[in-house]
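Taking it in order: structure first as structure tokens, then the write-up.
The chain is numbered in sequence order, starting from 1. All values below come from the heavy atoms of this structure, side chains included, with hydrogens, waters and symmetry mates left out.
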Amino acid sequence: GIIREFNPAAEMTFGHTRAEAMGEVFSEMIVPPHLRDEYTNGTERYLSADRQDALHRRVEITAQHADGHMFPIELAITPVEVNEQQFFTVYLRDISARVAADESLKESARNLQAAQRIAGVGSWELGGCKGVCTWSDELYTIYGIKNGTVEPSREMMMSMVPMDQRREVQSLIQYHVDRIEPFEVNHTIMRKTGELRYVSARGEPQFAQDGSLLKYVGTIQDQTDLRRSQEELQLAKDEAEAASEAKSDFLAMMSHEIRT
């Protein structure tokens, strides 16, 4: 469409003066060259008779500043009739800051996921008005469960603990939860395959501004490899000590035989 009005906010956002913009084709001035055909085709479908319900909705597109740099904007089109002529008012908003913040959050989430995978640490949350439980991707991995195949819950977490440990582990955790305080407990879990894993479970309460309990957050760290390494190291140490003791006994015996 042809630009019929270009207010100060638009001048600041796109870097064009009102005089430069008036009478120009919107797509040629605002939309980057490599996206213009896509934008034009999309706009035609967007404004077609069977898509009038799409008006007033917000759409995100890429725009081009007068200096050439591209940035994301939010666009909403509202039909306006003046002297029986149909016009469209286009509301545009620079959303660069929001998109950057969203990307920063996504990057932080990716970094956290990588860190959890490297450290073998999964995280969980339990709380909210409905007692909703959530697990991180790494926690699913630790439990040997495919993400999305089960509904995360406290009961599901406890079901991973072998029966001979479950009551003790549950009682220990409940003791601290009843007192609304942090907890830490080391125990084993059993995957559906029957494989045992050694884990360290931690949790701590989170409070609302009024001091009421908001939720519990915590971690499950897989310490299986560390535990096995420690056991192998201890075994090697015991064997070395046994060999040293046998050597000492042998030398003592030889010394006695030589003397006699």
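- In this structure, Gln223 and Asn186 have side chains that are in contact, with non-hydrogen atoms separated by less than 4.5 Å.
- Inter-residue side-chain proximity for Phe183 and Leu172 is flagged as unmet; no heavy-atom pair is nearer than 4.5 Å.
- Ring pair Trp124/Tyr216 is parallel by interplanar angle, where below 30° counts as parallel and above 60° as perpendicular.
- Contact between Arg4 and Met22 at its shortest, heavy atoms only, is O-CE, 2.8 Å.
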| query | Are Met160 and Val199 close enough, and set up right, to give a side chain to side chain contact (heavy atoms under 4.5 Å, CB included), and what steps lead you there? | reply | CA-CA 11 Å; Met160 301 296 297; Val199 301; over 6 Å; no
| Given Gln64 and Met29, is the side chain to side chain contact (heavy atoms under 4.5 Å, CB included) satisfied, shown in steps? | CA-CA 8 Å; Gln64 181 171 286; Met29 174 161 283; over 6 Å; no
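- Minimum interatomic distance between Pro32 and Thr62 (heavy atoms only, all atoms of both residues): CD-O, 3.3 Å.
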| request: Begin with the C-alpha distance, continue with both residues' side-chain angles, and end with the deciding distance and a verdict on side chain to side chain contact (heavy atoms under 4.5 Å, CB included) for Glu24 and His16. | output: CA-CA 11 Å; Glu24 295 294 328; His16 295 284; over 6 Å; no
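- Residues Met158 and Ile145 fall within the same hydrophobic cluster, defined by Ile, Leu, Val, Met, Phe, Trp and Tyr side chains chained together at heavy-atom separations under 4.5 Å.
- Nearest heavy-atom pair, Pro152 versus Val150, reported as atom, atom and distance to 0.1 Å: CD-O, 3.4 Å.
- Relative orientation of the His69 and Phe71 rings is tilted, given thresholds of 30° and 60° on the angle between their planes.
- Rounding to the nearest 0.5 angstrom, the gap separating the CD1 atom in Ile30 from the CD1 atom in Ile73 is 7.0 Å.
- The environment of OH in Tyr175 is sparse: at most 12 heavy-atom neighbours from other residues, nucleotides or ligands sit within 6.0 Å.
- Within a 6.0 Å radius of CZ in Arg202, no more than 12 heavy atoms belonging to other residues, nucleotides or ligands are found.
- Panel note: side chain Arg36, backbone Glu28; a donor-acceptor pair is recorded below 3.5 Å.
- Glu20 contributes a side-chain N or O that, together with a main-chain N or O of Thr17, makes up a donor-acceptor pair within less than 3.5 Å.
- Here the CG-OG1 distance, from Leu139 to Thr219, works out to 9.5 Å after rounding to the nearest 0.5 Å.
- Ser104 places no side-chain N or O within donor-acceptor distance of the main-chain N or O of Ala100, the cut-off being under 3.5 Å.
- Closest approach of Val169 to His187, counting heavy atoms only: CG2-CB, 3.7 Å.
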| request: Any chance you could lay out the side chain to side chain contact (heavy atoms under 4.5 Å, CB included) test for Met156 and Glu151, step after step, and finish with the verdict? | output: CA-CA 8 Å; Met156 175 62 68; Glu151 184 70 24; over 6 Å; no
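- Within the model, atoms CD of Glu184 and CD of Glu204 stand 11.5 Å from one another, a figure rounded to the nearest 0.5 Å.
- A donor-acceptor pair under 3.5 Å is absent between the side-chain atoms of Ser212 and the main chain of Ala208, judged by distance alone.
- Annotation for Gln174: atom CD counts as buried by contact number, over 12 foreign heavy atoms lying within 6.0 Å.
- One distance of note links CZ of Arg166 with CE of Met163; it measures 5.0 Å at 0.5 Å rounding.
- Residues Gly122 and Ser136 come closest through the heavy atom pair CA-OG, 3.5 Å.
- Residue Leu92 holds its CG atom at 5.0 Å from CZ of Phe26, rounded to the nearest 0.5 Å.
- Test Ile220, Thr224, Ile142, Thr188 against Arg197 for side-chain contact (heavy atoms from CB on, under 4.5 Å) and you get one pass: Thr224.
- Here the shortest heavy-atom pairing between Ile189 and Tyr143 reads CD1-CD2, 3.6 Å.
- The number of heavy atoms from other shown groups lying within 6.0 Å of CZ (Arg191) is above 12.
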